[in-house]
Visitor: 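Sharing a structure, written as structure tokens. Questions coming.
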Amino acid sequence: MTPSLPRRLATTILGWAIALTFFLPIGWMVLASFKTEVDAIAAPSLFFSPTLENYVAVHERAPYVHAAANSVYLSLGGTALALLLGIPAAYRLAFFPTRHTRTLLVWMISTRMLPAAGVLVPMYLLFNWTRLLDTHAGLIGMYALMNLPILIWLLYSFFRDIPTDILDAARIDGASAREELRHILLPLALPGVASASLLSIVLCWNEAFWSLNLTTTDAAPLTTFIASFSAPEGLFWAKLSAASTLAIAPILVIGWLSQRHLVRGLTFGAVK
């Protein structure tokens, strides 16, 4: 049944309103990055004399390239480690379930509800004892463990949508579990694995709590780079906006270019 014209019009207006609501803070931030500090704290206006002095000041004050390289390295490393651990776990849960499988999945996702501040002290002491403070290895491990429950849930749902008859045929032909996973399961679930990987990269890129508390300079990503523009004498809105724009620009571009593949992967197996 085709929706009526008023209903379609109302849906379109509502969609645009929601989109603009989400875009407004980003648009304001980008505009503020081209303003002077005086214009940035004044009433919002589209009429001003743009300047690049904030971006120049950002590059002179903090090592953006170093922080961006750390973000790339940590996001890819954390995602790769999470996939390395999550794919076998999701495979085992999806194709060899027990009566405790559902309970285990609920427990895993419930760990994401734990406030990070509640375990900050023991994690800091553990990192200090193992000499992982301000290291890439330490943050990669933290990012992987942080995103592992979500990845396992997503991969589990993707694997469950694959017909078991295909895997049964492979087992009859003598395929081992490793061959079954590598040559059959992963190629069939590739859209889902790709979308889970993109989601993990975004979550790693945007993570701020652990990067602020477990790094200082060597392994500091872009979230720490942004926080460095909060000075004791106050917030410099224009410079902070410039730093934030530089930090989110790469992930926004990646998200925009891969949105079709992300949606395709997240809806993988939805239509039979």
Side-chain angles (χ1 to χ4, degrees), residues 22 26 29-30 58-59 62-90 108-109 111-112 114 116 119-120 123-124 127 130 132-155 158 186 189-229 240 242-266:
F22 280 100
I26 300 175
M29 180 187 67
V30 174
V58 165
H59 280 284
Y64 169 77
V65 175
H66 174 71
N70 281 339
S71 286
V72 172
Y73 183 74
L74 294 172
S75 298
L76 295 179
T79 299
L81 181 57
L83 288 175
L84 185 64
L85 299 173
I87 289 177
M108 281 191 294
I109 202 65
T111 60
R112 288 285 298 176
L114 176 69
V119 293
L120 174 59
M123 290 304 300
Y124 185 89
F127 270 58
T130 55
L132 289 175
L133 284 176
D134 200 21
T135 63
H136 294 101
L139 269 190
I140 286 175
M142 177 58 69
Y143 286 177
L145 294 176
M146 178 184 68
N147 293 327
L148 189 59
I150 296 177
L151 279 180
I152 290 178
W153 262 84
L154 288 174
L155 294 171
F158 297 145
L186 287 181
L190 187 59
V193 175
S195 66
S197 302
L198 287 172
L199 180 61
S200 177
I201 289 173
V202 171
L203 292 175
C204 290
W205 189 280
N206 294 332
E207 200 285 323
F209 181 83
W210 293 112
S211 61
L212 288 174
N213 287 285
L214 299 179
T215 64
T216 52
T217 54
D218 294 341
L222 285 172
T223 47
T224 306
F225 167 80
I226 296 174
S228 67
F229 287 88
L240 183 61
S244 300
T245 300
L246 288 172
I248 69 171
I251 203 68
L252 280 179
V253 172
I254 293 174
W256 180 265
L257 295 177
S258 60
Q259 60 178 328
R260 180 177 301 177
H261 302 286
L262 181 61
V263 173
R264 178 172 176 260
L266 291 176

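Heavy atoms only: backbone and side chains are in, while hydrogens, waters and symmetry mates are out.
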Visitor: Between D218 and T135, is any pair of side-chain heavy atoms under 4.5 Å apart?
Guide: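 Contact flag for D218/T135 side chains = no.
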Visitor: Taking side chain as C-beta onward, heavy atoms only, is N213 less than 4.5 Å from Y124?
Guide: no
Visitor: Flag the pair L76 / I201 as yes when at least one side-chain heavy-atom distance between them is below 4.5 Å, and no otherwise.
Guide: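 L76 reaches I201 side chain to side chain.
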Visitor: Of all the heavy-atom pairs spanning A82 and L151, show the shortest one and how long it is.
Guide: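 Heavy-atom minimum between the residues: CB-CD1, 3.2 Å.
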Visitor: From N147 CG over to I152 CD1, what is the distance, rounded to the nearest 0.5 angstrom?
Guide: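 Interatomic distance, N147 CG to I152 CD1, rounded to 0.5 Å: 11.0 Å.
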Visitor: Identify the two heavy atoms, one from F127 and one from L139, that lie closest to each other, and give their separation to 0.1 Å.
Guide: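 For F127 and L139, the tightest heavy-atom pair comes out as CE2-N, 4.4 Å.
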Visitor: Tell me, which pairs form a side chain to side chain donor-acceptor pair (under 3.5 Å) where one or both residues lie in residues 72-81, sequence neighbours left out?
Guide: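 Checked against side chain to side chain donor-acceptor pair (under 3.5 Å) - neighbours excluded - the pairs reaching residues 72-81 are T79-S200.
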Visitor: Nearest 0.5 Å please: distance from the CE atom of M29 over to the OG1 atom of T245.
Guide: 4.0 Å
Visitor: Can you tell me how far OG1 of T223 sits from CD of E207, rounded to the nearest 0.5 angstrom?
Guide: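 E207 CD to T223 OG1: 6.5 Å, rounded to 0.5 Å.
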Visitor: Nearest 0.5 Å, what's the CG-CD1 distance between L222 and I248?
Guide: 11.0 Å
Visitor: Indicate the atoms forming the closest heavy-atom contact of V58 with A243, along with that distance.
Guide: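 Taking every non-hydrogen atom into account, CG2-N, 4.0 Å.
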Visitor: With the side chain counted from C-beta on, respond yes when L148 and R112 share a heavy-atom pair under 4.5 Å apart, and no when they do not.
Guide: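 No, their side chains stay 4.5 Å or more apart.
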Visitor: Can you tell if the side chain of M142 reaches within under 4.5 Å of the side chain of M123, non-hydrogen atoms only?
Guide: yes
Visitor: State, with a plain yes or no, whether a side-chain heavy atom of H66 is found less than 4.5 Å away from one of N70.
Guide: yes
Visitor: Looking at every non-hydrogen atom in both residues, tell me the closest pair between A220 and T215 and how far apart they are.
Guide: CA-OG1, 3.8 Å
Visitor: Report the C-alpha separation of L74 and C204 in whole Å, then their side-chain angles, then the decisive distance to 0.1 Å, and conclude whether the side-chain contact (heavy atoms from CB on, under 4.5 Å) test is met.
Guide: CA-CA 7 Å; L74 294 172; C204 290; over 6 Å; no
Visitor: Is there any ring pair (Phe, Tyr, Trp, His ring centres under 6.0 Å) pair reaching into residues 205-225, and which pairs are they, with sequence neighbours excluded?
Guide: Y64-F225, F225-F229
Visitor: Please lay out, stage by stage, how I87 and L186 fare under the test side-chain contact (heavy atoms from CB on, under 4.5 Å).
Guide: CA-CA 9 Å; I87 289 177; L186 287 181; 4.0 Å; yes
Visitor: Going by side chain to side chain donor-acceptor pair (under 3.5 Å), name the residues that satisfy it together with T216, two or more places apart in sequence or in a different chain.
Guide: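 D134.
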Visitor: Do you know which two heavy atoms are closest between I226 and L240, and how far apart they sit?
Guide: O-CD1, 3.6 Å
